[in-house]
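This report concerns only the one structure given below.
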Amino acid sequence: MLAKVKSFALVGLDGVPVEVEADINRGMTSYELVGLPDAAVKESRERINSAIRNSRMHFPVNRITVNLAPADIRKEGSHYDLPIAIAILKASEQLIGAQTDGVVMLGELALDGTIRPVSGVLPALISAKKRGFTRFIIPFANANEAAYIEGIEVFALKSLTEAVAFLTGAENFEPVAIRSFSAVQKAARYGTDMSLVKGQVIAKRALEIAVAGGHNILLSGPPGAGKTMLARCMPTIMPDLTFEEALEVTQIHSIAGDLSEEGIISLRPFRTPHHTATTVSLCGGGNARIRPGEISKAHKGVLFLDELPEYSRSALESLRQPLEDKVITVTRAGGAVTFPADFMLCASMNPCPCGNYGSATRECTCTPAQIRRYRAKISGPLLDRIDLQVEVDSVSYDELASEEGGESSAEIKKRVERARAIQRERFGGPMTNANMGEKEIKKFCSLSPQCEEILRGAFERLSLSARARSRIIKVARTIADLDFSAEIKPEHVLEATSYRNFDTKER
Ligand SMILES: Nc1ncnc2c1ncn2[C@@H]1O[C@H](COP(=O)(O)OP(=O)(O)OP(=O)(O)O)[C@@H](O)[C@H]1O
Ligand SMILES: [Mg+2]
Ligand SMILES: [Zn+2]
């Protein structure tokens with residue numbers, strides 16, 4: 001007899017319905033699995049066999065053919081165990097009266113019949129809902145991922161026995177209850193706050209400008225100056241994630257399999273890949289199943305590259321395209337997969353190999369040639385995508401010892417949100433000043449003769465490179481927005497020229 005059951009395959013964040021067909025014929029005992037299964041799916045036979053027998057049902061001793069259709073999509077992961085087992089039970093007439101039509105099933109089986117958690121449940125649910133599916137069986141341990149999607153009924157079950165009882169109607173189960181995203185978000189807290197950073201007025205201001213205009217930022221300063229501490233504060237002054245954004249971020253982490261208890265990510269991610277990170281771990285990939293990389297896990301949040309010159313050239317090079325496109329496409333033998341990668345980049349570095357160059361209190365022991373070589377490691381195309389380059393010096397003892405921390409992240413965030421609203425209106429969508437091309441710069445950033453004069457002066461005095469010009473103008477636009485000023489004023493240009501540590505031609 002032939003039986004069919006529904007499951008889903010994931011291609012990036014995109015889910016595609018998969019029909020799991022089991023056909024059982026008299027004949028020599030055999031088990032054949034067709035339809036482009038990967039290694040994990042091929043291994044399913046032993047798990048399914050044991051799971052069925054240990055659930056006090058029979059694994060048929062006949063000729064079994066299992067087909068996963070459509071055949072042109074690679075079937076990856078272990079979540080086909082449950083639908084295959086159900087299809088086999090149905091085809092061998094052990095599920096009399098079971099209602100499997102339209103029920104989408106995902107789950108790995110343990111040998112004892114337990115349904116184990118799988119990755120990618122959230123994107124599968126979202127895609128399946130879009131395609132009109134409304135009933136699901138998922139692993140009990142993945143229940144939280146189903147708690148924020150309305151309009152579907154999701155049954156989070158513990159074992160194959162429960163799945164059979166559910167499908168045959170022998171037992172009643174409650175669907176996963178809907179939870180409120182805003183309540184979860186309200187309760188969530190970042191581990192840090194701007195008010196904990198003493199002094200560093202200039203660096204904090206630069207971070208506010210960066211976040212307001214979506215500008216990437218480089219913090220340069222001696223060891224212990226507080227660069228890492230400042231960077232960690234960046235997400236705390238970004239606007240709250242909307243529910244849609246949170247779902248997008250959560251889907252990526254669902255595939256990566258690193259979701260926490262809440263089942264939804266309500267705070268902006270802050271990712272800190274080590275400088276030894278490979279291109280695959282940064283951008284995504286993998287032999288079996290393609291996993292999102294750090295830049296996708298940082299989607300809608302911050303990617304922090306600590307000690308920028310230590311990263312390999314190829315790793316830094318691989319960031320250029322996603323910084324431009326806000327997505328990353330990973331190619332491999334079986335085709336290409338695209339993941340979102342819309343992150344803000346924050347990088348840090350010491351100003352020289354010894355770390356003390358430019359310090360007011362400590363002496364640099366490096367030769368000019370050493371300093372040049374060190375800085376040259378990050379020169380070029382990546383630096384072109386970083387609009388703000390800020391020097392961070394150590395704070396004094398008195399500042400550290402003082403009780404005053406200055407403004408809280410919540411206060412700064414309010415100003416950021418206002419500046420973002422101005423940009424939304426300007427561009428008629430969620431674009432930020434940092435993404436302006438030459439056309440937009442011309443349209444939205446006209447400079448008075450006085451502003452031009454300041455810019456020209458800075459160019460000559462600081463011997464700035466050509467590419468520094470549009471960078472300064474974009475930053476000036478954001479500073480004007482933070483100032484509620486429709487026109488860019490001389491003081492905005494002046495401040496913008498001060499964030500240009502690495503733009504000099506000598507580099
Ligand atoms: N402005 C500050 N206010 C309060 N504490 C600070 C400040 N700056 C530094 N600290 C303290 O010093 C510690 C070291 O700072 P942090 O790790 O951010 O420095 P860093 O510039 O990243 O140094 P490195 O170059 O060694 O990575 C922090 O954990 C914090 O406790
Ligand atoms: Mg650090
Ligand atoms: Zn030095």
Side-chain angles (χ1 to χ4, degrees), residues 189-211 216-237 269-277 282 294 298 301-311 315-316 343-379 382 386 388-412 499 501-502 504 506-507:
R189 292 272 177 284
Y190 290 104
T192 184
D193 195 277
M194 278 291 192
S195 60
L196 299 175
V197 184
K198 309 278 173 64
Q200 300 296 15
V201 182
I202 294 173
K204 285 187 189 177
R205 166 76 177 164
L207 281 175
E208 177 176 337
I209 296 167
V211 171
N216 299 317
I217 185 169
L218 173 67
L219 304 172
S220 129
K227 301 183 293 293
T228 302
M229 195 184 189
L230 282 160
R232 284 197 177 277
C233 285
M234 233 169 128
T236 68
I237 59 170
F270 182 82
R271 305 294 304 188
T272 58
H274 192 252
H275 58 73
T276 55
L282 277 177
E294 287 294 325
V302 175
L303 182 76
F304 179 48
L305 302 182
D306 206 359
E307 322 287 351
L308 189 65
E310 304 292 328
Y311 290 78
L316 296 182
F343 57 90
M344 288 196 64
L345 177 66
C346 178
S348 88
M349 65 183 286
N350 294 331
C352 66
C354 88
N356 294 333
Y357 182 83
S359 163
T361 49
R362 276 176 290 190
E363 202 171 332
C364 169
T365 55
C366 311
T367 66
Q370 280 175 320
I371 297 177
R372 252 199 318 277
R373 223 175 305 128
Y374 179 75
R375 295 191 176 191
K377 286 196 199 170
I378 56 147
S379 70
L382 183 67
I386 302 181
L388 290 147
Q389 300 151 359
V390 188
E391 256 171 48
V392 183
D393 204 353
S394 315
V395 290
S396 67
Y397 180 82
D398 285 343
E399 276 177 302
L400 276 179
S402 91
E403 289 296 310
E404 263 166 60
E407 279 182 307
S408 70
S409 292
E411 287 170 87
I412 301 171
Y499 306 117
N501 287 348
F502 281 82
T504 53
E506 297 137 35
R507 190 159 47 78

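Ligands are counted one by one from 1 in listed order, and the atoms in each one are counted from 1 as well.
Assignment of Ala225 to the shell around ligand 1 is supported, since a heavy atom sits closer than 4.0 Å. Within the structure, the closest approach of Leu219 to ligand 1 does not fall below 4.0 Å when heavy atoms are considered. Distances from ligand 1 to the non-hydrogen atoms of Gly221 include no value under 4.0 Å. A heavy-atom separation below 4.0 Å is found between Glu307 and ligand 1.
Counting the atoms of ligand 1 from 1 in the order shown, those under 4.0 Å from a heavy atom of Asn350 are 25 (O). For ligand 1, the atoms sitting less than 4.0 Å from at least one non-hydrogen atom of Val197 are 1 (N), 3 (N), numbered in the order shown with element in parentheses. For ligand 1, the atoms lying closer than 4.0 Å to a non-hydrogen atom of Leu196 are 3 (N), 4 (C). Here is the list of ligand 1 atoms found below 4.0 Å of a heavy atom in Val395: 1 (N).
The protein heavy atom nearest to atom 17 (O) of ligand 1 is Thr228 CB, 3.9 Å. The shortest contact between atom 28 (C) of ligand 1 and any protein heavy atom is with Met229 SD, 4.3 Å. Looking only at heavy atoms of the protein, atom 1 (N) of ligand 1 is closest to Lys198 O, 2.7 Å. Looking only at heavy atoms of the protein, atom 15 (O) of ligand 1 is closest to Gly226 CA, 3.7 Å. At the top of the distance list for atom 25 (O) of ligand 1, counting protein heavy atoms only, stands Lys227 NZ, 2.8 Å. Of the protein's non-hydrogen atoms, the one nearest atom 24 (P) of ligand 1 is Gly224 N, 3.6 Å.
Residues Tyr499 and Arg205 form a side-chain contact, since some pair of their non-hydrogen atoms from C-beta on lies under 4.5 Å apart.
Interatomic distance, Glu208 CD to Cys233 SG, rounded to the nearest 0.5 Å: 13.0 Å. Note that CG of Leu305 is 10.0 Å distant from CG of Asn216, once rounded to the nearest 0.5 Å.
Side-chain contact, Asp306 with Thr272: no donor N or O sits under 3.5 Å from an acceptor N or O.
Only side-chain heavy atoms of Gln200 come within less than 4.0 Å of ligand 1; its backbone N, CA, C and O stay farther off.
The closest donor-acceptor contact from the side chain of Gln200 to the backbone of Lys227 lies at 3.5 Å or more, if one exists at all.
Among the backbone and side-chain atoms of Met229, no N/O/S atom is found under 2.8 Å from the Mg ion (ligand 2).
For atom 21 (O) of ligand 1, the nearest protein heavy atom lies under 4.0 Å away.
At under 3.5 Å, not a single nitrogen or oxygen of Gly199, backbone or side chain, sits near a nitrogen or oxygen of ligand 1.
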